[in-house]
Engineer: 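Pasting a structure below so you can have a look.
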Amino acid sequence: MNIHNKKFIRIVFFFLLFILISSCQNKEKINPKAYITNQGDNTVSIVDLKNLKVIKTLEVGIAPLGITLLNKKKLGFIGNVGTDDISVINTNTDQIIKTIKLNTAPLSLTSSPDESKVFVTDWFKNNILIISVEEMKVVNSIKVGVTPSGIAFNAKYNYLIVTNRDANTVEIYDNNNKLIKKLSTGEHPFGVYTKGKYAFTANVYDDTITIINLEKWSTQTIKVGAHPYNIMTHNNLGFVTNTVDDTLSIIDLKTNKELKQIRTGETPENLDLHKDLNLLVVTNWGSDSISIYNLNDLILIKQIKTGAQSRSFGDFILH
Amino acid sequence: MKKFILTLLTLLFSMSVLAHGPTPQKVQESITVKIAPSKAWEIVKDFADFKKIMKIRSFDDEIMKIKYEMLKKDGPFSDYNAYIIVKKGSNDKESVIQWTARFYRTYKLNPPIPEGQDDATAVAAVKKIVGPGLKSLKKTLETK
């Protein structure tokens, strides 16, 4: 056998090895999943979004509420308001790998786009706690206004946005943790969502949402259903959970008008979507379930039973 | 002694759980009544006692559901929202009335929480409304 043949065999061998490895990886590819925090029974229901069923129920701390997922790092952070800590989940194995102790109730969580930091609102002491993902501990904090509720990170401007429920305001912080703007919202702003140059707050007491233009610092308020809790957008539509009406308001973001309301489970609280699978998922606190809709026509595909008092305040779908 | 320490620990643990909010509380109870769901629904809608103490938010004839709100001063709880659903029972002549309430304790600031304004007090107060309320409703439904 001459040297060329040897080389050729070696190339073929590595080529076959490559095919073998990549096919193995395909087999182990994990389906998109939803992580549902069940505040009433201290668990997280993990839902396979391809097969539309609960594949695991994970015990976490007491009264889990807030959540943020790191898609690239395959980590999930769950805030337990009963035990004042955060359960960190490895989303490949769906096991808890770390519990981060706080001395306060973590209400809501979000993460930086580079996944190096997780931000947690400290409900009682009016702070945003900053967790280093690498160090898995709180490394800094920002003093904010009263009752920090919802939190979201705007990737376009690197803004951290937080609602102050009892002050009827929203605060915007820059990359250096400096407050750059404080604006009035409707009454009792809770959930907040941001994308591009806009931020949106759901205002529980006056049944409205506030749309904030982050470029011009202008705001607009729109009437929705009763006691809205959270909001999310997709293309030119906004979706708002109306906790007392058991509906989702569909908002036309071109005209800023409510188009219609569609029925959810009881007391719908939070929502997230998966673009590739075309799914919109809503957590129902009252009926201990999630409602899954087709994102194109907003027709209900399935309602799945989860644990007690399902909430998932934050981004809860792993892509 | 061991038992005493254990009790103390349990107590301390449950107190620390109660010390943290802000978690909405849930009371959900059901009762079976011997009357067809459609008839039960008609009567539930007109339940006089019910209208006196609550502000009705909505009626849904399709899923036989009534939603209502309660004023803040009605008990040691706040932001009370509830719904009653009439469901099918095990046969045509039977219905299940399900009552679900969502509310918070009255004290919403930092711990320590004053006595009588905690989660446990709020839950106990609402249970006193829901339990006897369902029994009274059953009586009304089955005698009409």
Side-chain angles (χ1 to χ4, degrees), chain A residues 37-42 61-66 79-85 102-108 121-126 146-149 165-166 188 190 204-205 207 225-227 229 242-247 261 263 265-269 284-288 308-311 313, chain B residues 10 12-30 54-70 72 78-87 98-113 118-120 123 126 130:
Chain A
T37 60
N38 305 308
Q39 198 167 26
D41 62 14
N42 315 323
I62 292 173
L65 169 62
N80 307 302
V81 299
T83 32
D84 288 357
D85 54 23
L102 309 169
N103 287 313
T104 190
L107 192 81
S108 62
T121 57
D122 163 359
W123 174 259
F124 287 126
K125 295 175 198 150
N126 306 330
V146 294
T147 53
S149 305
R165 197 196 69 180
D166 294 353
H188 226 69
F190 199 71
V204 182
Y205 279 178
D207 307 336
H227 288 209
Y229 223 65
N242 302 313
T243 54
V244 167
D245 281 344
D246 300 339
T247 58
Q261 291 189 10
R263 202 192 287 286
E266 278 137 30
T267 325
E269 284 205 354
N284 305 308
W285 179 90
S287 40
D288 306 334
Q309 298 167 34
S310 301
R311 301 189 77 184
F313 191 29
Chain B
T10 316
L12 278 174
F13 181 68
S14 57
M15 272 169 72
S16 74
V17 170
L18 292 175
H20 299 291
T23 303
Q25 305 298 309
K26 187 185 203 175
V27 167
Q28 186 170 59
E29 289 181 26
S30 300
M54 296 137 188
K55 182 185 157 197
I56 308 291
R57 283 201 79 107
S58 68
F59 287 113
D60 192 325
D61 286 313
E62 194 192 321
I63 50 170
M64 299 194 284
K65 181 173 178 178
I66 184 169
K67 301 205 81 161
Y68 68 93
E69 234 177 306
M70 235 193 243
K72 277 179 190 172
S78 64
D79 297 273
Y80 181 100
N81 271 287
Y83 49 89
I84 294 177
I85 306 178
V86 178
K87 296 177 179 175
Q98 189 190 55
W99 191 331
T100 309
R102 176 187 166 109
F103 51 93
Y104 290 83
R105 64 173 187 237
T106 46
Y107 187 78
K108 290 184 176 176
L109 304 175
N110 291 7
I113 302 158
D118 54 7
D119 288 338
V123 170
V126 173
V130 174

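Each chain gets a letter, A, B and so on, in the order the sequences are listed, and its residues count up from 1. Everything numeric in this text was worked out from a predicted model, so none of it was measured. Computation of the quantities below employed the complete heavy-atom set of this structure, encompassing side-chain atoms and omitting hydrogens, waters and symmetry-equivalent molecules.
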Engineer: Do you know the tightest heavy-atom contact between B:Asp60 and A:Arg263?
Structural biologist: OD2-NH1, 3.0 Å
Engineer: Chain B: which of A:Asp246, A:Thr267, A:Asp166 shares the most heavy-atom pairs with it under 4.5 Å?
Structural biologist: A:Asp246
Engineer: Which heavy-atom pair separates B:Pro24 from A:Gln39 by the least distance, and what is that distance?
Structural biologist: CD-OE1, 3.9 Å
Engineer: Closest heavy-atom contact between A:Glu266 and B:Ile85?
Structural biologist: OE2-CD1, 3.2 Å
Engineer: Can you name the nearest heavy-atom pair linking A:Val244 to B:Lys67, along with the distance?
Structural biologist: O-NZ, 2.5 Å
Engineer: Answer with side chain, backbone, both or neither: which region of B:Gln28 has an atom nearer than 4.5 Å to a non-hydrogen atom of chain A?
Structural biologist: side chain
Engineer: Check each atom of A:Thr147 against the heavy atoms of chain B and say whether the ones under 4.5 Å are side chain, backbone, both or neither.
Structural biologist: neither
Engineer: To the nearest 0.5 Å, how far apart are NZ in B:Lys26 and CG in A:Asp288?
Structural biologist: 3.5 Å
